[in-house]
Amino acid sequence: MADKQHLYLVDGSAYIFRAYHRLPPLTDPQGTPVGAVYGYTTMLWKLADDLDKADGPTHLAVILDKGSTSFRNEIYDQYKANRPPPPEDLVPQFPLIRDATRAFSLPCIEEDGLEADDLIASYARVATRRGWDVTIVSSDKDLMQLVGRCAEPDDGVPEGGCIDMLDTMKNQRIGPDEVVEKFGVPPELVGDVLALMGDSVDNVPGIFGIGPKTASKLVVEHGGLAAALDAAPEMKKSKLRDRLIEGREMAELSRVLVQLKEDCELPMPLEDFKLTTVPRDPLAAFLEKHGFTSLLRRLDGGNGSLSRPTNLHPAKPVNKGAEASQGGNRQPLPQMPEIDRSTYECVQTIERLERWIERAFAAGLVAIDTETSALDAMRADLAGISLALGPNDACYIPLAHGGSDMFAERPQQVARETALTMLRPLLESDAVLKVGQNVKYDLNVLARHDIAMAPVDDTMIVSFALDAGRSLDGIGGGHGMDELAQRHLGHTTLTFKDICGSGKKAIPFGEVPLDRATEYAAEDADVTWRLYANLKPRLATEGGSRIYQRVDRPLIPVVAQMERHGIKVDRGQLAKLSEEFAAETGRLEAEIHAIAGAAFTIGSPKQLGDVLFDKMGYKGGRKGKSGQYSTDQAILERLSAQGAEIADKVLEWRQLTKLKSTYTDALQAAIHPDTGRVHTSYSLVGAQTGRLSSTDPNLQNIPIRTEIGRQIREAFVAEDGNVLLAADYSQIELRLAAHMADVPELKQAFANGEDIHARTAAEMFGEVTRDTRASAKTINFAILYGISRWGLAARLKVEADEAQAMIDTYFQRFPGIQRYIMETLETVRERGYSETLFGRKTWFPRIGSKNQTERQGSERAAINAPIQGTSADIIKRAMARMMPALEAAGLGHVRMLLQVHDELVFELPATDVAAASPVIERVMAEAATPAVSLDVPLGIEIGTGASWGQAH
DNA sequence: CTCCTCACG
DNA sequence: GACGTACGTGAGGAGC
């Protein structure tokens, strides 16, 4: 089998669409967009580079779609009919794909009237019949029909070649097992599943109301599409049965559409696909032309890595000023050897561990990552720790691998408690900086083993301080390790999924064999070390030090501790509410169905819309792209005003089901079995403005606005003998707006402790009534959010003209506000980012967009960000100072539990409220000083009670 | 996996 | 003269 042939068929068209959406928009020296082409080039490179490797290609061709119609359009004229035109900056890249392929001297196949899929299927068939292996480079689900297929016995080959797929973006081989995992059926039945579920992208109709899950279930149960359709009339009466009977024709049509044509004439014989060493010159010319200099260096044997090309520019620079600073994102990398996972050490003895600890002390800086059995730091068990002291100088220390399988031998490793005892002095040493990626997680895991790791630095938060908001269409703007490694190191990390699998097949990290575990874990530490070397110097040169060192970094251990504290919730109280909500919901459901005259799923906006507007004939508009009726609160309230009783009941039903599913049910499930409390996880990089966000569960959106929802807050309680204390900043964003926009009238009003909305009403309307105050309040908020006449008109339920008149009046009375808005936007357009009073940057790459909606959206966000962000900075500073201040007052036992943007929640003995309140108030009120001196006082409101509800 | 809706500041 | 949008989040349910 030495001369085994292996054909790679690259689905080029599909690749560039994916590459376009996954990669940052880059342009070459001529100004042509080349982001997708760059991705495509590196992929071809990698494939061609694998020549001669085991399982690498011996033959390779690129297959492209040609034209927009195929024989399928003759069968079904709507085929691919609703596909939107490709994005503007992708179009010029199509021809470049052919150029790139030619540059590699690779064959490029396309044929009128045929789709790439059909050509691929045909070539694959011919090749397997000759006994060749075939790898289809694509992730297209239609092509998964071919996976696992081998030559037939009567093809006359002794050992038939087989087909698999390779998804280069996920670096994943797709064999029959993966297909079964995805579709629940083997490859030969994938076509049947696709025919049932349809495909909205290709506009294959399928059967309405049947998705992947149902489709797969039907095919498995009946053994195929035809059998499932035949069996429909005998099924018990159900929606599904009706759909199958009604949709029969559509399914049969869809089956034909998804069938790949395997007998196409082959435009070029297989032999011509023979892969040889790629001739240098045409490729060099291509790379040079498009400015792919790092690839060019690599081609000529230099040390250039396959990382981002250094002389490409981000597309559509906001303007000249912004371009320069965006370039800061792409400084030349410090010379580092490429990541080589074979250099990592698995530390299995006390002697080796001692050596690493010794070296870490000597280095003074160590990147660290903990591996655990789960994602939740409060529940996960520690499986191992990895350390890195430099590029390719990393190790993994397994601590709890193996052992769950009684028959497997537990691999050699240092006992967990022994290792942690040895590591503790290092992890707690002031003389050694520990660098992590999302180090709050590691902090909490280690805290549960009584290790208080300090001092720490965090590459994720450094990235946030530098690049918050810097994504384009969500590409490459995140701060996760995989994304940062890709962006800054040009390196694709092993993912957790690669190692542990996903879904039902997933195994805990502690069951991963040590060699694989070491590659993954040590790589994480290595990457963290490199990212730190890469990002940290930028803090100083790009003005991020202040916010990172003074605000965000000190917050890491503080928030970690809040998460560990958690908050007690009264399970019985929640269960009681759940029952009440369920009963009331059931009653409402019956009433709603009675009014509608039929049963339907009230929770389905689609069905509800059809009932209200088609069946019952109420008036209301269709909404935008989905073609669905909107049934949101505003619409239902309007219907209710017209006397539609059903609308009221639906609103009430929605409120109750929401409260039950999201709060009373979910919170009970979130109670930690050991602590009996609920531990949220705060994201320190969650909101681009600098706010925290809260997940699993979200404790920043517990109901308060309605009486019925408020009952849920009553279930958040203090332990016996304790009380909860809630401290709020009052109107902090308006106060900051008054300061930042320099509005004397508003500043004066705050200084005097006036009702700010009443004062606004007086200024604007001359008199203060309930109505004018309410309007003034709406307008005040509209200002903070970036105002538009239509938005204000919708909120106030007046005409746009009238809203505009109010805005004009507002600007006239408070000219500082208009000036602030103009100046903020000017600065953001010029520099590309906004800044808070404490120097936090938020980037707005879309501020110069030609798309009006997009641009105006960015403008509103840019007006709001400095205000919302400054408020976030202030409460973060208060949080960082809180415990030291309380400790100084002998109140170190007071526990800070929650942060809800402008509110902090504490738990303390009832007897300490009098002593603690003034300390808390002072720390919060003075949180801006001395860095910033505000012209307005920061007002704090404090309340206490046995529950969070009562503390308000 | 995306959309819709809705909970919070 | 439009966009039934407000700024910032996260979660659950439905659909396909």
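Reminder, nothing fancy here: chain letters follow the sequence lines and each chain counts from 1.
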Requested in this report: Identify, with sequence neighbours excluded, every residue that meets side-chain contact (heavy atoms from CB on, under 4.5 Å) alongside A:Ser871.
Outcome: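 A:Ile732, A:Glu733, A:Leu736.
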
**Report entry** Contacts of A:Glu799 that satisfy side-chain contact (heavy atoms from CB on, under 4.5 Å) - sequence neighbours left out
**Finding:**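 If we apply the side-chain contact (heavy atoms from CB on, under 4.5 Å) test to A:Glu799, skipping adjacent residues, there are no hits.
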
Query raised in the report: What interatomic distance, in whole Å, is found between P of B:dT5 and the corresponding atom of C:dA6?
Result: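 The same atom, P, in both gives a distance of 12 Å.
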
Query raised in the report: On a whole-Å scale, what distance lies between the C1' atoms belonging to B:dC6 and C:dA2?
Result: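 Pairwise C1' distance, B:dC6 against C:dA2, rounds to 28 Å.
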
Query raised in the report: Can you list the residues that meet the salt bridge (Lys or Arg N to Asp or Glu O under 4.0 Å) rule with A:Asp192, with sequence neighbours excluded?
Result: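 If we apply the salt bridge (Lys or Arg N to Asp or Glu O under 4.0 Å) test to A:Asp192, skipping adjacent residues, the hits are A:Arg255.
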
**Report entry** All salt bridge (Lys or Arg N to Asp or Glu O under 4.0 Å) counterparts of A:Glu178, not counting sequence neighbours
**Finding:**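 Scan of A:Glu178 (salt bridge (Lys or Arg N to Asp or Glu O under 4.0 Å), adjacent residues dropped) gives none.
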
Looking only at the side chain of [X] (C-beta and beyond, no hydrogens), which of the listed nucleotides [options] gets closest?
{"X": "A:Asp902", "options": "B:dC6, B:dG9, C:dC7", "result": "B:dG9"}
{"X": "A:Ala687", "options": "B:dC6, C:dG8, C:dC3", "result": "C:dG8"}
{"X": "A:Arg713", "options": "C:dC7, B:dG9, B:dA7", "result": "B:dG9"}
{"X": "A:His901", "options": "C:dG8, C:dG4, B:dT5", "result": "C:dG8"}
{"X": "A:Arg705", "options": "C:dC16, C:dA14, B:dC8", "result": "B:dC8"}
{"X": "A:Thr601", "options": "C:dA14, C:dA2, C:dA6", "result": "C:dA14"}
{"X": "A:Pro605", "options": "B:dT5, C:dA2, C:dG15", "result": "B:dT5"}
{"X": "A:Asp696", "options": "B:dG9, C:dT9, C:dA11", "result": "C:dA11"}
{"X": "A:Thr695", "options": "C:dA14, B:dC8, C:dA11", "result": "C:dA11"}
{"X": "A:Arg638", "options": "C:dG4, C:dT5, C:dC3", "result": "C:dG4"}

Query raised in the report: Side-chain N or O of A:Arg860 less than 4.0 angstrom from OP1 or OP2 on C:dA6?
Result: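 For C:dA6, neither OP1 nor OP2 has a side-chain N or O of A:Arg860 closer than 4.0 Å.
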
Query raised in the report: Any side-chain N or O of A:Gln852 under 4.0 Å from OP1/OP2 of C:dG1?
Result: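 For C:dG1, OP1/OP2 do not have a side-chain N/O of A:Gln852 under 4.0 Å.
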
Query raised in the report: Should the heavy atoms of other residues, nucleotides or ligands under 6.0 Å from NZ of A:Lys213 be counted, would the total exceed 12?
Result: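 No.
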
Query raised in the report: Quick one: does NZ or CZ of A:Lys660 land under 6.0 Å from the six-membered ring centre of A:Phe581, within 45 degrees of the ring axis?
Result: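 Cation-pi check for A:Lys660 and A:Phe581: fails.
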
Query raised in the report: Out of curiosity, A:Gln655 CD to A:Glu584 CD, how far, rounded to the nearest 0.5 Å?
Result: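 Those atoms lie 10.5 Å apart.
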
Query - Interatomic distance, A:Met562 atom CE to A:Met896 atom CE [nearest 0.5 angstrom] - result: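 It is 5.0 Å, given to the nearest 0.5 Å.
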
Query raised in the report: Can you tell me if A:Tyr729 uses its side chain to pair, donor with acceptor, with the backbone of A:Met924 under 3.5 Å?
Result: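 Side chain of A:Tyr729 to backbone of A:Met924: a pair is present.
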
Query raised in the report: Where does DNA chain C form stems of at least three consecutive Watson-Crick or G-U wobble pairs, each pair having both distances below 3.5 Å?
Result: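 Stem list for DNA chain C: B:1-9 with C:7-15.
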
Under 4.0 Å, counting only non-hydrogen atoms across every strand here, what does [X] touch: a base, just sugar-phosphate, or nothing?
{"X": "A:Ile702", "value": "sugar-phosphate"}
{"X": "A:Lys213", "value": "nothing"}
{"X": "A:Arg691", "value": "base"}

Query - Sub-4.0 Å heavy-atom contacts from residues 657-669 of chain A onto DNA chain B, ordered by number - result: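 Result for residues 657-669 of chain A: A:Lys658, A:Tyr663, sorted by number.
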
Report task. For ring-ring contact (aromatic ring centres under 6.0 Å, His included), just list the numbers for A:Phe613 and A:Tyr629, CA-CA rounded to whole Å, side-chain angles, deciding distance to a tenth of an Å, and then say yes or no. Result -> CA-CA 8 Å; A:Phe613 299 111; A:Tyr629 291 115; 4.9 Å; yes

